[in-house]
A.B. asks: 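Dropping a structure here in structure tokens format, bear with me for questions.
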Amino acid sequence: MPTMVSMSPLLQSLNAEQRRAVTTTEGPLLVLAGAGTGKTRVITVRAAHLLEKGVAAEQILLVTFTNKAAREMQERLLSLAGKQAEGIQVSTFHSFCIRLLRQHAAFLNLPSSFGICDGSDQITAVKSALRELRIAETAIHPRAAQSRISLFKNSLISVEQAKDQADDDWDLGVAMVYEKYQQHLQRSRVLDFDDFLVLSLKLLNEQETVRKQLEDRFRYVMVDEYQDTNGPQYGIVRAIVQNHQNICVVGDDDQSIYGWRGADISKILGFEKDFPGATKIHLLTNYRSTEEILDAANKVIRNNSKRHEKELKSALGSGTTVAILRMEDESHEASFVCSEIDHLVRIGEAHYRDIAILVRTAQQPRSFEADLRAMNIPYHLVGGMSFFDRKEVRDLLAYLRLIANPADETSFLRIANIPARGIGKGSIEKVVAAATAAGEGAFPTMRKMVESGSLGAAPSKGFQQLRTALNQAHALAKQGDLVALLRTLLTSIHYRDEIDRIYPDEATRNLRWNGVMEVLNFAENYQRKASKPTLQGFLEELSLNENDDRDQEDQGDAVTLMTLHAAKGLEFRRVYLVGVEEGILPHTRSVTEGHVEEERRLMYVGVTRAQRDLTITYCEARAKFGRLQSCHPSRFLFEMREKEPPQGWVPSGAPQMAQTAAPAPRKAKSVVTGRKRRKKR
DNA sequence: TGTGTCCGAGACGAA
DNA sequence: CTCGGACACA
């Protein structure tokens, strides 16, 4: 216990639990920070406290999952501890690993200029692997294969092991796709997101000097959002701290919602086992939400079996009741929510910026967007189709990536004939076959083929045009003038004409061109901010920095419409949690695959975003594939009200025939009675 | 080789 | 309903 006389002003602003977390500086420490319990505050004050104790800033490493979080931490640190905090390294796992890999590329036999294979490139690579293997996409879903491959990588399972383990055709097919996929990445000289982590881990495991170097430098390591840590990330942290054990992880097992991305909740559940002698601290005082909201959250989440038991307590006290409302269908739902928002703002009860509409799936926003627009309610949509998924943006980026890394096959194939320049399907096929056989990039392969005259006149001519355009741009890339590069490129490929040609509609045309201009803006910004702007750096930033449109402040006074996944970490005075139905939340697929607990955490995340007012809606029916289908309120709503589902309620994932049989086993699982007693203490 | 149209399958979340 | 792929055309 620190004595009062020596307590620094830093610590005085904290509650007892938080203070204990901050002052426990040595040895492994697990901070279970429930939603709204001042997690960021604890992390930043803890770092500042370390500095106060005389630890050099350079010895502190703070790992986050998103760039946004990293930036926020950095800012908070500067305001807490001033200039000396600048030396603290705050980075995401991914950027930390990329830097490490570029430094030690030689050891891993990597080109130091490797490119980044993002999500949609991964799908493209999987698809081309399937085509190569003559496997129909209906037999093996590209997306399913991709996520399995990612799982293989994160579990350090090699292609050979995957093949050995396969015990049916599907598994074997995926293992073969995995092999082709890896070859594709290799000859394209790109790494996917999993590679960053896995290769970094390999580096640390096999190069003791590198590991030692990091261990000596980073004497104090903190990991934010530890519940989202996957196997390789855990391994990396562990390798750095294994001797000094000064590892502090902060997170909330109840908010682990990235299992499908490889996040391993057992890491936060088993921290004390992984790091014997660890201190465990619960932060349970919630400064965000009213008692009613936390009560609803607690009642839902306690139905999970795999968790650290805890219940949040509100520091705010009582407020309004949580409303659970039944809607006819999704258009009624949307118009109800929008009218209410409109009304509340009109009577001065609320600001747009204080309101969020949270959805489970990316297509739910559709009905809401229509109504929001019709009612002139300013809003911004987060998640779903990202700016970087837009066709024109991806085209342009493919050009840039090809300039930075001529071996990049996906990018080459994407723009080889955009705009059309006589390189058709036939020649593309020939080039891919040759590139695959040679294990080289498609662009260099095609150059050789053109030079040896093994391609027709039209494609050869087209290729020369492309090459000229790229060379010209490449020269400007070397000078670091990205804006000039983009302008030159756009001119030389006549991209404006291409857009005008494809989109006869004036409005779409402008919209598309705006996307292109937006990339120019990004480049301008990057060039201004970066100390040493390079094309590679620019592309890296674009791939790693999710475009942070989550910032409410940046959006002016507007309603936020977003997915639950995007909402984690944010808070709003008033929240509408919509579409809370069996089949959506929990999602059918999660139910059939046995991931209901993660869905429940998603529900929990949604509920705990609200500060004062929470309205939950569910629909009686909802359009699926253009056809209206009836649906049932989510099991989580019954849990929340401690009620049994009524007769005729059909849980998602249950076969339609077995309506009477299905609820029986679920009852025992979802309705936990006898817990009420434990709640009051 | 480039363009247009039709058809059928399809939908979870994203650094 | 909405996308992408296949196929048929110029």
Side-chain angles (χ1 to χ4, degrees), chain A residues 64-70 91-98 116-120 122-124 127 130-131 136-138 141-144 146-147 150 154 192-197 225 228 230 233 256-263 330 358-364 366-367 382-386 388-389 391 416-429 456-459 461-462 501-502 540-548 550 562-568 579 583-593 595 598-599 601-602 605-606 622-629 652:
Chain A
T64 63
F65 274 78
T66 66
N67 283 288
K68 178 165 189 260
S91 48
T92 65
F93 269 112
H94 290 279
S95 57
F96 181 83
C97 288
I98 286 186
I116 297 173
C117 175
D118 67 20
S120 83
Q122 288 182 296
I123 296 296
T124 311
K127 283 184 179 174
L130 285 168
R131 213 170 321 125
E137 290 184 14
T138 44
H141 259 274
R143 234 179 114 151
Q146 189 273 321
S147 89
S150 174
N154 283 321
D192 66 18
F193 289 121
D194 300 320
D195 288 331
F196 299 150
L197 305 171
E225 305 278 14
D228 291 335
N230 69 19
Q233 285 164 340
S256 168
I257 56 174
Y258 285 106
W260 49 273
R261 217 170 66 188
E330 77 271 12
L358 304 183
V359 299
R360 171 65 177 86
T361 70
Q363 64 263 27
Q364 280 171 270
R366 275 221 172 121
S367 46
V382 188
M385 172 88 135
S386 122
F388 296 101
D389 290 335
K391 181 191 167 338
N417 206 34
I418 291 179
R421 50 172 78 85
I423 305 174
K425 220 175 71 182
S427 19
I428 292 275
E429 226 157 78
K461 188 165 163 255
R501 195 184 60 79
I502 302 178
E540 219 159 81
E541 186 154 309
L542 290 184
S543 304
L544 295 180
N545 261 11
E546 72 273 39
N547 48 330
D548 272 333
R550 306 199 324 160
M562 67 164 101
T563 63
L564 287 167
H565 284 89
K568 190 162 73 133
I584 294 200
L585 184 63
H587 195 273
T588 314
R589 217 161 127 182
S590 301
V591 178
T592 51
E593 286 168 18
H595 300 146
E598 180 149 315
E599 295 291 299
R601 294 192 286 267
L602 215 36
V605 167
R622 180 175 291 274
K624 261 175 203 155
F625 300 132
R627 197 173 293 277
L628 211 59
Q629 288 201 322
S652 170

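Proteins get letters first, then strands, A, B, ... in listed order; numbering begins at 1 in each.
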A.B. asks: Considering just the side-chain nitrogens and oxygens of Thr563(A), establish if one lies under 4.0 Å of OP1 or OP2 belonging to dA14(B).
C.D. replies: yes
A.B. asks: Regarding Glu593(A) and Arg589(A), does a basic nitrogen lie under 4.0 Å from an acidic carboxylate oxygen?
C.D. replies: yes
A.B. asks: When the nearest nucleotide of DNA chain B is assigned to Phe193(A) and to Gly626(A) on a heavy-atom basis, which residue is associated with the more 5' position?
C.D. replies: Gly626(A)
A.B. asks: Are any of the side-chain heavy atoms of Glu598(A) and Trp260(A) separated by less than 4.5 Å?
C.D. replies: yes
A.B. asks: If you only use heavy atoms from C-beta on, which nucleotide in dC12(B), dT1(B), dT3(B) is closest to the side chain of Ala420(A)?
C.D. replies: dT3(B)
A.B. asks: Report which part of the nucleic acid Phe196(A) touches: base, sugar-phosphate, or nothing (heavy-atom distance under 4.0 Å, all strands).
C.D. replies: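 No contact at all - Phe196(A) keeps every heavy atom at 4.0 Å or more from the nucleic acid.
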A.B. asks: Just the rounded figure in Å: distance from P of dA14(B) to CD of Gln233(A).
C.D. replies: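 To the nearest whole Å, that distance equals 17 Å.
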A.B. asks: Return no unless some side-chain N or O of Arg360(A) is found under 4.0 Å from OP1 or OP2 of dC12(B).
C.D. replies: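 Looking at the OP1 and OP2 atoms of dC12(B), neither is under 4.0 Å from any side-chain N or O of Arg360(A).
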A.B. asks: Under 4.0 Å from a heavy atom of chain A: give me the 5'-most and 3'-most nucleotides of DNA chain C that qualify.
C.D. replies: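 It runs dC1(C) to dG5(C).
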A.B. asks: Scan side-chain atoms only and decide if Glu540(A) and Ser543(A) contain a donor-acceptor pair under the 3.5 Å cut-off.
C.D. replies: no
A.B. asks: Rounded to whole Å, how long is the line connecting atom CZ of Arg589(A) with atom P of dA14(B)?
C.D. replies: 14 Å
A.B. asks: Out of dA14(B), dA15(B), dT3(B), which has the shortest distance to the side chain of Arg143(A)?
C.D. replies: dA14(B)
A.B. asks: Does the side chain of His595(A) get closer than 4.0 angstrom to OP1 or OP2 of dC12(B) through an N or O atom?
C.D. replies: no
A.B. asks: May I ask you to establish whether Arg261(A) and Tyr258(A) are in a cation-pi arrangement, using a distance under 6.0 Å from NZ or CZ to the six-membered ring centre and at most 45° from the ring axis?
C.D. replies: yes
A.B. asks: Whole Å only: how far is the CD atom of Gln363(A) from the C1' atom of dC12(B)?
C.D. replies: 8 Å
A.B. asks: Can you tell me how far C1' in dA11(B) sits from the matching atom in dA6(C), rounded to whole Å?
C.D. replies: 22 Å
A.B. asks: Against Ser652(A), only a single residue in Ile584(A), Thr592(A), Leu585(A), Val591(A) fulfils side chain to side chain contact (heavy atoms under 4.5 Å, CB included); can you say which?
C.D. replies: Val591(A)
A.B. asks: With a 4.0 Å cutoff (strictly under), does any side-chain N or O of Ser427(A) reach OP1 or OP2 of dT1(B)?
C.D. replies: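 Checking dT1(B) against Ser427(A), a side-chain N or O does come within under 4.0 Å of OP1 or OP2.
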A.B. asks: When the distance from CG of Leu602(A) to P of dC12(B) is rounded to whole Å, what number comes out?
C.D. replies: 14 Å
A.B. asks: Using atom CD of Gln629(A) as one end and atom P of dG10(B) as the other, report the distance to the nearest whole Å.
C.D. replies: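 So the two atoms are 16 Å apart, to the nearest Å.
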A.B. asks: Using OP1 and OP2 only, check whether a side-chain N or O of Asn417(A) sits under 4.0 Å from dG2(B).
C.D. replies: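 Result: yes.
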A.B. asks: Reckon Gly422(A) touches a base, only the sugar-phosphate, or nothing at all at heavy-atom distances under 4.0 Å?
C.D. replies: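 Sugar-phosphate, backbone atoms only, no base.
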A.B. asks: Closer than 4.0 Å, any side-chain N/O of Arg501(A) to the OP1 or OP2 of dT3(B)?
C.D. replies: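 The answer is yes; a side-chain N or O of Arg501(A) sits under 4.0 Å from OP1 or OP2.
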A.B. asks: CH2 of Trp260(A) versus P of dA11(B): gap in Å, rounded?
C.D. replies: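 Trp260(A) atom CH2 is separated from dA11(B) atom P by 16 Å.
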A.B. asks: At under 4.0 Å between heavy atoms, what does Arg366(A) touch on the DNA or RNA strands: base, sugar-phosphate, or nothing?
C.D. replies: sugar-phosphate
A.B. asks: Would you call Lys568(A) and Glu225(A) a salt bridge, taking side-chain N to carboxylate O under 4.0 Å as the test?
C.D. replies: yes
A.B. asks: Any salt bridge between Glu137(A) and Arg131(A), counting N to O under 4.0 Å?
C.D. replies: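 Looking at Glu137(A) and Arg131(A), the cut-off is not met.
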A.B. asks: Within the 3.5 Å criterion, strictly below it, is a donor on Ser590(A) or Glu599(A) matched to an acceptor on the partner's side chain?
C.D. replies: yes
A.B. asks: Would you mind classifying the nucleic acid contact of Asp118(A) as base, sugar-phosphate or nothing, using non-hydrogen atoms under 4.0 angstrom?
C.D. replies: nothing
A.B. asks: Rounded to whole angstroms, how far apart are NE2 on His141(A) and C1' on dG8(B)?
C.D. replies: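 His141(A) atom NE2 is separated from dG8(B) atom C1' by 12 Å.
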A.B. asks: Calculate the interatomic distance between Ile123(A) atom CD1 and dG10(B) atom C1'; express it in whole Å.
C.D. replies: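 In whole Å, dG10(B) C1' and Ile123(A) CD1 are 14 Å from each other.
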A.B. asks: Return the nearest nucleotide to the side chain of Phe625(A); candidates are dA14(B), dG10(B), dC12(B).
C.D. replies: dG10(B)
